[in-house]
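Structure first, commentary second.
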There are 4 protein chains.
Amino acid sequence: MNPRLPDLRDRSDARRPKGRPRSHEAHVAILKAALSEVHELGFRALSIDSLSVKSGIAKTTIYRRWPNKAAVVMDAFFYEIGPGIAFVPCEKSVDSIQIQMQALAKAFRGKFGPLIKALLGEAQFDPELAEAFRDRWIAPRREAAKAVIRDAIGKEELRSDIDLDTTIDALYGGLYYRLLIGAGPLSQAYVDDLFRHVMGGLRPRSRKGSRQA
Amino acid sequence: MNPRLPDLRDRSDARRPKGRPRSHEAHVAILKAALSEVHELGFRALSIDSLSVKSGIAKTTIYRRWPNKAAVVMDAFFYEIGPGIAFVPCEKSVDSIQIQMQALAKAFRGKFGPLIKALLGEAQFDPELAEAFRDRWIAPRREAAKAVIRDAIGKEELRSDIDLDTTIDALYGGLYYRLLIGAGPLSQAYVDDLFRHVMGGLRPRSRKGSRQA
Amino acid sequence: MNPRLPDLRDRSDARRPKGRPRSHEAHVAILKAALSEVHELGFRALSIDSLSVKSGIAKTTIYRRWPNKAAVVMDAFFYEIGPGIAFVPCEKSVDSIQIQMQALAKAFRGKFGPLIKALLGEAQFDPELAEAFRDRWIAPRREAAKAVIRDAIGKEELRSDIDLDTTIDALYGGLYYRLLIGAGPLSQAYVDDLFRHVMGGLRPRSRKGSRQA
Amino acid sequence: MNPRLPDLRDRSDARRPKGRPRSHEAHVAILKAALSEVHELGFRALSIDSLSVKSGIAKTTIYRRWPNKAAVVMDAFFYEIGPGIAFVPCEKSVDSIQIQMQALAKAFRGKFGPLIKALLGEAQFDPELAEAFRDRWIAPRREAAKAVIRDAIGKEELRSDIDLDTTIDALYGGLYYRLLIGAGPLSQAYVDDLFRHVMGGLRPRSRKGSRQA
DNA sequence: GGCTAAGCGAGACGGTACGTCTAGTCTTGGG
DNA sequence: CCCAAGACTAGACGTACCGTCTCGCTTAGCC
């Protein structure tokens, strides 16, 4: 996504780039400054200038590595959240999904909520940021979710005729909807409710003719 | 939502406000300029300055009526969309829901998609805008949806033990999710899929142990 | 000077102007507000808007009577200073001059100093104001001074070959110079010094060849 | 006077200031634009915005160096007038004074008149500008004048009991008076007249009782 | 009492400039 | 090639006044 980002993988065998190597301290200092700023003042109040002053790193250096403040904050976000919210294996795979949804909602309620709101808000105006967010945050989690769902289907915990993507949207759409639109709380009870509604469906069970079109 | 907006309701009996009345032409000129700008260049490129130049209305006049460009664009959005997407009565109420979801998705795919994306994106940073958007866009539609869902429950098209808000989130969350995150197309097929998944539930029907709390 | 000013002279015989007569209360209210503002905040901080708010008189009314704030303040100045600094008759006419110079310096040191500085400062950019100030403030005082100087020449207190205008400039120039440039205090001692230097001349008395070119 | 101005003195030995050095071209471009504007349109019509457009220098750059337009124009004034009006040595020191007075009056009549009027007019509202004008324009000339007057006293061309400051005020006050108040022309004849009156004094020579304190 | 004419209060309007802010780039010296 | 420092271009921001205008209402003289 971001060609300016350093490749942090070990490349002892690769040829060293010419000139003075980039300072890792500078990198971390900026990310930490970004996190502190974004948590204290919010994304909008954060500027590359303020970042430069706060971190003691020259503006030039920041621009050498990131194209704009959204990219910095995105990296800072991943720096802080690390591997992020994962699926923990459960006996029943659907439990694993429910637990992960609760973990995600908890993150939304906590310090990551504003960060994700800001990144997604900004992404509405910045296609590159949007793509990066999808690639680095959304996609991995969806892939993991798909694996779990496939598992659940295999164990006959879920219907065999469902579409993976649509299923994920039905389950998680509500969470992001509430995060971004704020029409209601993201409480534990709500997450359970949402999970139950989607899992059980809205149509009456007793009805015979309840085959969907 | 916006106390600066003139109350345009008929008040032939009420006493006229003092001073020179606000110009309706100016009002409309600004909204039209805003629409044109936001459709052509996008929300970010739109500025109050450019709006002023384009509409021929002084900047001060714009600021006298709206606190910032987001508020202008919001009004412009409602000016254009008018009453918006409504529920058309159907024999089966669930059909009415599905049709409305398709209409919403169509609006998202059309010229209103970028507008709503921009407004919701901006709302992540502007609590007042967020509230206004909820009050003027989200809430009315949710209320209408609730009425239809209640109808459907009454006709036993939907289960009687569902929660209205959660139901709405389950149905519409996916639409906003796709709009805002862009993880996939908002096609007709997708909307039908989503509707079917949520209506029918994810759990196998044949299974006896399909407990729901 | 100001054609918008009402002619306040009695004209019982003259035909009354048509329409609603101008309010004298409004007139005075504005002048008093202007004086209060200019003394408290200075000329620059005073605006027609603030004047309107402070006096409770509509902006339109102010503009109907004065072309700009400088004209208002000028009228306010004369409203406050009234007939102003006059020459008091003395046995020796030169004493009358010296006393009047002291009175003027005292006014400069007091509350009229900032007012006159402001009016003269503004007059550098506003030819009409400059002309009005000359006509209403400078000219009458110069005329009075000329009369006294003529008297003094008649009494042989002053040389008969002096030019009236140049004489006035020589005596008063220093006062305005100090007021406007602030190169030194306008103390009593200074005024006496200035008077003495100009009266006695700079050239040594003993010298024979001290006929001026 | 203006701490934002770069110190242009040679400091080959001194350490260079950090960062990108200020552009001399920009500096000169702004001053030239200011002179052109102030001569063509006058001080009031000149704005930092117009200066920016005319000079092609960004507004921020101008504000980085000067606090307001008066400060720019003041610098432009000195940029144009250079060392300014100096005293040329004459056999008789009083002649040197008279010649310098004529030179000053000529400058007042020429293109520098409006500039000085504007600066002094503005200085009535801006104490910092007033101080700067005194320090950079008034003071040096007064110092030079004092030296010449001391010379003249030494040569017995002037009385030994005169006060230097008062003497200067008596001679030059009239020039600034006419410049700022415009009560009469600043002609060559007027300057000679003024000089003669002050030099010779106003009191009759023949009179015995021409007491001076 | 109605008519005409002007004054008045209120506040909207077009317009100009202000001084500040942020973005992102460029230019120094030095590592 | 990196880094710190800070100047630079560009342009939007939101505010302050300016002087004008457009209303409804008031206050006078005149018919």
Side-chain angles (χ1 to χ4, degrees), chain A residues 16-23 25-26 44-53 56-69, chain B residues 6 15-23 25-27 44-52 55-65 67-69, chain C residues 6 15-23 25-26 44-53 56-69, chain D residues 6 15-23 25-26 44-52 56-65 67-69:
Chain A
R16 264 301 215 25
K18 288 184 180 178
R20 177 171 169 177
R22 289 190 170 177
S23 156
E25 285 74 27
R44 275 290 154 97
L46 180 158
S47 70
I48 297 284
D49 280 292
S50 69
L51 229 53
S52 166
V53 169
I57 306 298
K59 233 172 23 150
T60 338
T61 301
I62 301 177
Y63 275 110
R64 199 175 293 117
R65 301 180 179 204
W66 293 278
N68 51 53
K69 74 169 175 173
Chain B
R15 52 146 188 52
R16 258 301 210 43
K18 291 185 175 181
R20 176 172 172 177
R22 291 191 169 180
S23 156
E25 285 72 29
H27 201 86
R44 276 288 155 96
L46 180 158
S47 71
I48 298 284
D49 279 304
S50 70
L51 229 51
S52 168
S55 66
I57 306 298
K59 217 165 42 144
T60 31
T61 298
I62 302 177
Y63 277 110
R64 201 174 292 118
R65 301 180 179 206
N68 49 54
K69 73 169 177 173
Chain C
R15 53 139 187 57
R16 261 309 215 20
K18 289 184 178 178
R20 176 174 172 177
R22 290 189 171 180
S23 156
E25 285 73 28
R44 276 290 155 97
L46 180 157
S47 71
I48 298 284
D49 280 295
S50 70
L51 229 52
S52 168
V53 170
I57 306 298
K59 230 166 37 144
T60 337
T61 301
I62 301 177
Y63 275 111
R64 197 175 295 116
R65 302 181 179 205
W66 293 278
N68 51 51
K69 75 168 177 174
Chain D
R15 49 141 189 55
R16 258 304 208 38
K18 290 186 175 181
R20 177 173 171 177
R22 291 190 170 180
S23 156
E25 285 73 29
R44 275 289 154 99
L46 179 157
S47 72
I48 298 284
D49 279 304
S50 69
L51 230 52
S52 168
I57 305 298
K59 220 164 42 142
T60 27
T61 299
I62 302 177
Y63 277 112
R64 196 176 296 118
R65 301 181 179 203
N68 50 53
K69 74 169 176 174

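Proteins come first, then strands; the chains are lettered A, B, ... in the order of their sequence lines, and each starts at number 1.
Heavy atoms only, all atoms of each residue included: A/K59 and A/D49 are closest at CD-OD1, 3.1 Å. Contact between B/I48 and B/N68 at its shortest, heavy atoms only, is CD1-C, 4.3 Å. C/S50 and C/A45 get closest at one heavy-atom pair: OG-O, 4.4 Å. Of all heavy-atom pairs between B/S23 and B/A26, the closest is OG-N, 2.9 Å.
At F/dC8, one or more side-chain N or O atoms of D/R65 fall inside 4.0 Å of OP1 or OP2 (strictly under the cut-off). Look at B/R22 and you won't find any side-chain N or O under 4.0 angstrom from OP1 or OP2 of E/dG11. Under 4.0 angstrom from either OP1 or OP2 of F/dT9 there lies at least one side-chain N or O belonging to D/T61.
Separation of atoms OG (D/S52) and CD1 (D/I62) is listed at 5.0 Å; rounding is to 0.5 Å. Note that CG of B/L46 is 5.5 Å distant from NZ of B/K69, once rounded to the nearest 0.5 Å.
We find that CZ of D/R44 is positioned 12 Å from P of E/dC18, with the value rounded to whole Å. Following rounding to the nearest Å, A/L51 (CG) and E/dA23 (C1') show an atom-to-atom distance of 13 Å. Whole-Å rounding puts the D/I62 CD1 to E/dT20 C1' distance at 14 Å. The NZ atom of B/K69 sits 15 Å away from the P atom of F/dG11 (whole-angstrom rounding). Here the P atom of nucleotide F/dT26 and the CD atom of C/E25 are 18 Å apart, to the nearest Å. Regarding D/N68, its CG atom lies at a distance of 11 Å from the P atom of E/dT20, rounded to whole Å. Atom pair B/R64:CZ and E/dA12:C1' shows a separation of 5 Å (rounding to whole Å applied). Atoms CD1 (A/I48) and P (F/dA5) sit 16 Å apart, rounded to a whole Å.
Heavy-atom nearest nucleotides on DNA chain E were determined for A/S50 and for C/I57, and the one closer to the 5' end corresponds to C/I57. A residue-by-residue look at C/L46 and B/A45 shows that B/A45 has its nearest nucleotide of DNA chain F further toward the 5' end.
Using a 4.0 Å heavy-atom criterion, one finds that A/S47 contacts the sugar-phosphate atoms exclusively.
Considering only the side chain of C/D49, F/dC17 comes nearest among F/dC17, E/dC18, F/dG14.
A donor-acceptor contact closer than 3.5 angstrom is absent between the side chains of B/H27 and B/R22.
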Which protein N or O atoms sit under 3.5 Å from an N or O of nucleotides 21-23 of chain F?
residue : atom : partner : partner atom : Å
F/dC21  : O2   : B/R20   : NH1          : 3.2

